[in-house]
Amino acid sequence: MSDILFMLGDVPVRTGAVLIAFGALALALLLSIAIVIARSGRRGTEMATAQASRADELEERLIDMMRTQAEATGRVDAMGKALAGRQAEMARAVSDRLDAVTHRVGQSMEQTTRNTMDSLRVLHERLGIIDNAHQNLTELTTQVTTLRDVLANKQSRGAFGQARMEAIVQDGMPKGSFAFQHTLPNGKRPDCVIFLPDQRPLCIDAKFPLEAMTALRDARTDDERKLGTQRLRADVMRHVTDIAGKYLIPGETQDTALMFVPSESVYAEIYDSFDDVIQKAYRARIVLVSPSLLMLAIQVMQQLLKDARMRDAADQVRIEVMNMMGDVERLRDRVNRLGSHFDQVSEDVRQVLISAGKIGKRAMRIEELDFSKDGAAEETPRIVEPVEPTVFSPQFARKIQAGE
């Protein structure tokens, strides 16, 4: 126990001291452990109490959670039912909308189909019109080609101008007042003559200076235009000279003849650009006329013939007027006799009305059993004038005679 175990500095450490130190240390440890155990037990109790209270709180919270869950489940069920109802209503609304849309789409498609059919029908009609127009255009092209071929030939061109002149004359003049290819005293035969009131024929000859006019229109240079102008002037003056020399016979024909140009454009070109030719033709007593001017001249000559026929028939008109005046006098006499008969009938009717009035008054006296009045007084006539004139009254007859 007194043995020295080790030296701690200058102080020796003995075994007894070490054992005592270890015993004290062990005792301190035991006390510490006891304190710790005691404290641990108290803390465990507190913790158990805290856990029990927490368990109660958790149980309450669990109960609250169960109740909340139940309420949430009810709400979810209610929401499900509401959503199911809303879904059914939505499905019904969607179905109604789909039906309405289907109906509208059907109507729209039907209207579109109808409009399409109408448009197709109109398009078919338009295509038919276009087809007819194309056919007419083709026929017109053929006719223009034929007309160009006709006008290219001088004899055919002359026949065309003569045919057009004959159509105008036949449409405007009465039969017997004109003749085609009539032979004049000098043996010449103009295309047409019209017999005016003095029985001297007015000669008309158709000329068509198309070649010179075509050359003038196709000219591109000044020299070509000058040559075309000279050619057209020479052709027209040659025609004027031929007509004046062949168809103007003093005392046999009219002092003026007509040169018919069957084209308005050719006549307008000659009249506008060749005034000297027109003046020379006037001095030669040849008048150039286009189709429209020829129709106007035909109407003037028709009126002259009509006036001449009226002058020739003046005596017959006078006789017919005198006969008509005699008929009017006889009609006046017969109307006067009818008026006198009407006056007599009116007087007879007046007497009949007087007798009817007497009969009516007698009937009234008989109905009233009044026989005390003098019979002579009853025979006194009393005329009762009607308020308005009747058909058989003298006033109405006088109105008829007066012309009212």
Side-chain angles (χ1 to χ4, degrees), residues 143 147 150-151 157-185 188-210 213 236-237 239-275 277-318 320-321:
Q143 293 175 3
L147 180 61
V150 168
L151 296 179
R157 186 166 66 244
F160 169 76
Q162 183 176 354
R164 191 170 186 185
M165 179 195 61
E166 291 179 358
I168 294 174
V169 173
Q170 288 176 350
D171 292 340
M173 298 298 295
K175 292 183 179 180
S177 61
F178 62 90
F180 299 115
Q181 302 297 325
H182 178 72
T183 303
L184 298 177
K188 302 298 181 181
R189 300 176 63 184
D191 293 335
C192 176
V193 294
I194 296 177
F195 301 103
L196 294 179
D198 58 356
Q199 295 304 314
R200 289 190 303 165
L202 175 67
C203 299
I204 305 175
D205 199 62
K207 299 297 181 182
F208 203 161
L210 181 63
M213 181 60 67
V236 174
M237 290 306 302
H239 294 322
V240 169
T241 304
D242 290 342
I243 295 174
K246 294 179 181 178
Y247 307 136
L248 292 181
I249 304 174
E252 298 293 337
T253 62
Q254 296 292 329
D255 297 334
T256 303
L258 301 181
M259 174 180 166
F260 176 65
V261 181
S263 174
E264 295 285 350
S265 60
V266 174
Y267 174 81
E269 184 69 25
I270 296 174
Y271 191 86
D272 292 338
S273 303
F274 299 90
D275 185 68
V277 175
I278 299 296
Q279 296 300 326
K280 291 179 181 179
Y282 283 163
R283 287 193 293 270
R285 293 175 297 176
I286 305 298
V287 179
L288 276 70
V289 293
S290 64
S292 59
L293 291 178
L294 180 61
M295 286 189 286
L296 180 60
I298 291 297
Q299 292 177 2
V300 173
M301 288 184 282
Q302 182 183 7
Q303 190 63 37
L304 290 175
L305 293 175
K306 184 177 180 181
D307 293 340
R309 288 197 301 270
M310 289 292 293
R311 288 194 301 270
D312 294 338
D315 295 335
Q316 296 180 359
V317 172
R318 189 180 300 108
E320 291 295 331
V321 170

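Computed from heavy atoms alone, side chains included, the values below leave out hydrogens, waters and symmetry copies. No experiment lies behind these values; they were computed from the predicted model shown.
The line from CZ of F260 to NE2 of H239 is 14.0 Å long, rounded to the nearest 0.5 Å. Here the CD1-CE distance, from I286 to M237, works out to 10.0 Å after rounding to the nearest 0.5 Å. A distance of 4.5 Å separates OG1 in T183 from CZ in R189, rounded to the nearest 0.5 Å.
Surrounding CZ of F195 are more than 12 heavy atoms belonging to other residues, nucleotides or ligands, all under 6.0 Å away.
Minimum interatomic distance between P190 and C203 (heavy atoms only, all atoms of both residues): CG-SG, 4.1 Å. Pairing each heavy atom of P201 with each of E252, the nearest pair is CD-O, 3.1 Å. A pairwise comparison of heavy atoms in Y247 and K188 identifies CE2-CB, 3.9 Å as the closest pair. The nearest pair of heavy atoms linking L248 to Q254 is CD2-O, 3.6 Å. Annotation for L202 and L196: closest pair CB-CD1, 4.4 Å, computed over non-hydrogen atoms. Taking all atoms of both residues into account, the shortest heavy-atom contact from S292 to E264 is N-OE2, 2.9 Å.
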Could you check V287 against Y282 for side chain to side chain contact (heavy atoms under 4.5 Å, CB included), going step by step and ending with a plain yes or no?
-> CA-CA 6 Å; V287 179; Y282 283 163; 4.2 Å; yes
Evaluate side chain to side chain contact (heavy atoms under 4.5 Å, CB included) for K280 paired with V240, printing each intermediate quantity in order.
-> CA-CA 9 Å; K280 291 179 181 179; V240 169; over 6 Å; no
Audit row: R200, D255, side chain to side chain contact (heavy atoms under 4.5 Å, CB included) steps and yes/no = CA-CA 9 Å; R200 289 190 303 165; D255 297 334; 3.9 Å; yes
Pair L305-M173, side chain to side chain contact (heavy atoms under 4.5 Å, CB included): steps then yes or no | CA-CA 9 Å; L305 293 175; M173 298 298 295; 3.2 Å; yes
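The only option from L258, V236, L293 that meets the side-chain contact (heavy atoms from CB on, under 4.5 Å) definition with L288 turns out to be V236.
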Which atom pairs, donor and acceptor, lie under 3.5 Å between side-chain atoms of residues 297-304 and protein residues at least two apart or in another chain?
| unit_1 | atom_1 | unit_2 | atom_2 | d |
| --- | --- | --- | --- | --- |
| Q303 | NE2 | D307 | OD1 | 3.4 |

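Remark: the backbone N or O of I243 is not paired with any side-chain donor or acceptor of D205 at under 3.5 angstrom.
For the pair I204/V289, no side-chain contact is recorded, criterion being any heavy-atom separation below 4.5 Å from C-beta on.
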